[in-house]
Protein chains: 2
Amino acid sequence: MPVTLKDIARQTGVSVSTVSRVLSGDKAISVQTQKNVRKAAKKMGYRVNTVARSLKMNRTYTVGFVCPEITNEFFMKIAKGVEQELKQSGYSVIICTSNENVEDEARSLRILREKCVDGMIIIPCSNEGKHIKELCGDSCPVVLADRLVDDLKTDAVLVNNEAASFALVDGLIKKGKKRIAFLGGNELITSAKERFSGYLKALKENNITVEPDLIRFGDFYLQSGYDIMKDFCEMENPPKEFFISNYFMQVGAERYLQEHQKNKEDELTIVGFDNMDASPLFRFTERTAVQPMVAIGTEAARLLRRRIEGDKESFPLISRFDVDWNVNN
Amino acid sequence: MPVTLKDIARQTGVSVSTVSRVLSGDKAISVQTQKNVRKAAKKMGYRVNTVARSLKMNRTYTVGFVCPEITNEFFMKIAKGVEQELKQSGYSVIICTSNENVEDEARSLRILREKCVDGMIIIPCSNEGKHIKELCGDSCPVVLADRLVDDLKTDAVLVNNEAASFALVDGLIKKGKKRIAFLGGNELITSAKERFSGYLKALKENNITVEPDLIRFGDFYLQSGYDIMKDFCEMENPPKEFFISNYFMQVGAERYLQEHQKNKEDELTIVGFDNMDASPLFRFTERTAVQPMVAIGTEAARLLRRRIEGDKESFPLISRFDVDWNVNN
DNA sequence: AAAGTTTATGCAATCGTTTGCATAAAGTGA
DNA sequence: TCACTTTATGCAAACGATTGCATAAACTTT
C-alpha cells in the first residue's frame, strides 16, 4: 500500500492539512514542523497520488495526442515536440491512434474526455469535425496539427503547403520540365489539397496546360505511392518528372522503380514533401520540402498550454510555418 | 460543468447509488428506473469521470510506455502493438521518452507512479535497473521489451538476437566472405551484446580469426553508423562486408557510402538487423533480420495485462521471438 | 394473518487530496 | 494587563464515483 498524507500525519502527530500544506510549499507552517514532515515523507517514501489531486483540483496535467498512425515517423516527430514541450510544465501525454478512421478517432476522443485530459492535440484523419466539436469545447481545448477540419473553430498549427509545393514544381519547370506528374495524398485532407493547389498554381503561372492523366490521388501511404507510380510508368507516354506528396508515398514510388530496374539513366526526377533520415538514399528524389516537424509539435503544445491556462486571446489562432526545400541528392 | 451522477439522481428523483448501479449494469434495479436513468443520462450527456472512479477503485486503466526515443520507427512499432492490444481491454497508454538517459528514464517512472498507472512497459535505455526496482514492484508490474537490465527480476519480451546475427554472418561466410566488419550498437545494451555474440560465434564455428580492428561499437543511431563506416573505409585495407546492428546505423552507413560515391562495383555487402519500409532502397544492404516488432508489443501488453489482473504464474517470464532473415534487394 | 422471503432502493463511508474558515497560542503595543 | 495582531495549526467539506449494509415495500407460503 502506498503511503498517504494520513500516514505521514499520524507519524508526525500533525493534521493531514498541515502535511499537505508543507508538501505544497506553504510558508505559513513553522520551520520545525516543515522539517519533521519532510523528513517523515522522505523516510516513508511518500509520493502524491495525482488521481486524488486531480479529482479535487479538476486538472489532470495530462493531455491527449490523437494521430492517425503511431508508427508514422512524421507524426511522431510532431509528437516528440509535443511531449518535450509539455513535459517541462509537468504534463504527460496519452497517445491514441485513429487508424485513419473517424469512428476510431471519435472513440479516442471519448476515452480521453472520460480520462479528463486537460486538452488535446489532434492530427485529424479526415475533414470531419463534428465529433470533435461535440466531445471537446470550452472545458477541453483542442489544437489541430498539420491539418484542418471543416466546421470547427479551433486553434491549429500548420505549414505553408501551397508555397512549398509551388516552389518545388516551379523549380522543375524552370529547369525545362513540362510534364510533371502529381502523386497526391488523401484528397479529403487539407494538406493534400493545399499541396495540390501549389502544383496547379505553378503550372498556371508558367502557362502549362494541366494534363488530367498526370494527376492521381492516393492516401499518403506507401502502397498508394507504389501503385500510382506503377500506373504512370505503364502509360504509353510516361512522364519523367514527379511531385510526390509525402515521404511514405515516395518510399512506395521509389520501391516500384527499384523493383523494375529503373536507374538514373532513365533520367527520372522526383520532388516532393518531407525529408527523413533515409531520404538522401533515394535514387530519384532530387529535392524535398523539409517541414519543421518537431517545431510544429512544440508550437501546438505551447498554444494548448496557453488555452488550458485560460488564455482566450485571438481564438482561434491558425499559425503556419514556412517550409524549406533542399537539394536532396 | 460536466454532468455527474448527482445531477442525474436529482433529475430522476432517485439516489446517486441507484444511478451508479444502473449505469454499471446492476440487474437488481427495476426496469422502469433503469429506463428513466438511462434516458436522463443520455439526454444530459453524462460521461463517467474516470478520475473519481480510479480513486475509488484503485485502478486507472492507464499504463506507461517508456522508451528511449519516440521518433524511432522500431520502438514505435512496438508501441503500436502495445496500444492496439491494450485499447481492446480499455486501457490507455501514456508515452514517455528517456532520451537515452537514465535520469530521464527515472523521472518518467516517477511521474508514471504518481499518475498511478496500473503497470508499465519499458524499453530501458541502459543496463541499469535499480531505479526501476525502486519505483515499481508489486503494486506496479513492469514488462521489459527488446532489452534486459541487470539485477531486475521482471518479465520481458525479447527476440533471439544471437541466433539471427549468427545466421546472417554465417551466411556471408558460407559465400566465401572472410573479413566481415562488425558495426555494433551501444555495448551496454543487451540486444547489442547478443548480436555481437552471434557474430563471434559465426566466426568461431567457421574457424575465422577475430580481427579486433574490424569490430566497432556505436550507439544504435545514424551518426554512429556513418562515422564507423567512414573509419572502416579509411583503413588501409578496408573490409568489404559488414554486419550492422540496426536500421538506423545502416542508414548512416549507407549515407556515408552514398556521399562518397561508392557504387555497386565496389562489391560491398551489408547485412544486419531490422527491415523497415525503406530498407529495400538501400544499395548495399543484402539481407536483414526482420523482427516481429508489433508482435513484441502485443505480447508485452498481454503479459502486462495478466500481471495487472493478478496472475503471478511463472514470474519472471522471459519470452523470446524468433527472427526471420530475408533477402533484401 | 403471521412469518418469511424477495426485490428495489437509499444511507453513508470511502478513496487521497486541497483549502476556506475557525481557533488557540504567542507576540505586540499602550 | 487588556485588546489586538500575527502565526501555526486543525476541522470538515468537497471533488465524483463505488459498494456493504440496512430497510421498506411487495410478494410467498402455510
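The model shown is predicted, which means the values in this text are computed figures rather than measured ones. Each chain gets a letter, A, B and so on, in the order its sequence line appears, and its residues count up from 1.
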- Just how far, in rounded Å, is P of C:dA8 from CD of B:Gln32? 12 Å

- Query: With respect to the phosphate group of C:dT17, does any side-chain polar atom (N or O) of A:Ser20 fall under 4.0 Å of OP1 or OP2?
  - Reply: no

- Query: Is any side-chain N of the basic residue among A:Glu114 and A:Arg110 closer than 4.0 Å to the acidic one's carboxylate O?
  - Reply: no

- Message: Between the base of D:dT18 and the side chain of B:Lys56, is one N or O donor paired with an acceptor at under 3.5 angstrom?
- Response: yes

- Query: Quick one: A:Arg53 CZ to C:dT17 P, roughly how many Å, whole number?
  - Reply: 9 Å

- Atom-pair distance (CZ on B:Arg59; P on D:dT18), nearest Å: 14 Å

- Between A:Ser139 and A:Arg113, a side-chain donor and acceptor under 3.5 Å: yes

- Message: Is it the case that the base of D:dG16 and the side chain of B:Arg47 share a donor-acceptor contact (distance under 3.5 Å, atom types as modelled)?
- Response: no

- Task: Check every strand shown and say whether B:Thr50 touches a base, only sugar-phosphate, or nothing at a heavy-atom separation below 4.0 Å.
- Result: nothing

- Task: Round to a whole Å and report the spacing from CZ of A:Arg21 to C1' of C:dT17.
- Result: 12 Å

- Message: Of the options C:dT18, C:dC11, D:dT18, whose atoms approach the side-chain atoms of B:Leu5 most closely?
- Response: D:dT18

- Task: Decide whether B:Tyr221 and B:Glu69 meet the rule of one side-chain donor and one side-chain acceptor closer than 3.5 Å.
- Result: no

- Note on the structure: Winner on side-chain proximity to B:Ala28, out of C:dT9, C:dT18, C:dG16, is C:dT9

- Query: Taking only side-chain nitrogens and oxygens of B:Thr18, does any of them come within less than 4.0 Å of OP1 or OP2 of C:dG10?
  - Reply: yes

- Whole-Å distance separating the CD atom of A:Gln34 from the C1' atom of D:dA8: 11 Å

- Task: Would you kindly say whether B:Lys115 and A:Thr62 are connected by a side-chain donor-acceptor distance under 3.5 Å?
- Result: yes

- Item | Per A:Met57 side chain, nearest of listed nucleotides D:dT19, C:dA8, C:dT19 | C:dT19

- Figure out the CD1/P separation between B:Ile29 and C:dT9, and round it to whole Å. 6 Å

- Note on the structure: Ranking C:dG16, D:dG10, C:dT9 by distance to the side chain of B:Thr33, first place goes to C:dT9

- Is the closest side-chain donor-acceptor distance between A:Ser98 and A:Asp104 under 3.5 Å? no

- Message: At 4.0 Å (heavy atoms only), tell me whether A:Thr4 reaches a base, stays on the sugar-phosphate, or touches nothing.
- Response: sugar-phosphate

- Which whole-number value in Å describes the distance from A:Asn58 CG to C:dG16 P? 20 Å

- Message: If you assign each of B:Val31 and A:Val51 to its closest nucleotide in DNA chain C, which residue comes earlier from the 5' end?
- Response: B:Val31

- Query: So what does B:Ser30 touch, heavy atoms closer than 4.0 Å: a base, only the sugar-phosphate, or nothing?
  - Reply: sugar-phosphate

- Message: Given the structure, check if the side chain of B:Ser17 and the base of C:dC11 hold any donor-acceptor pair shorter than 3.5 Å.
- Response: yes

- Message: Evaluate B:Met293 against B:Phe74 for side chain to side chain contact (heavy atoms under 4.5 Å, CB included), listing each step before the verdict.
- Response: CA-CA 7 Å; B:Met293 300 174 276; B:Phe74 176 75; 3.2 Å; yes

- Task: Output yes when at least one side-chain N/O atom of A:Ser54 is less than 4.0 Å from OP1 or OP2 of C:dT17, else no.
- Result: no

- Whole-Å distance, A:Leu55 CG to C:dC15 P, equals 14 Å

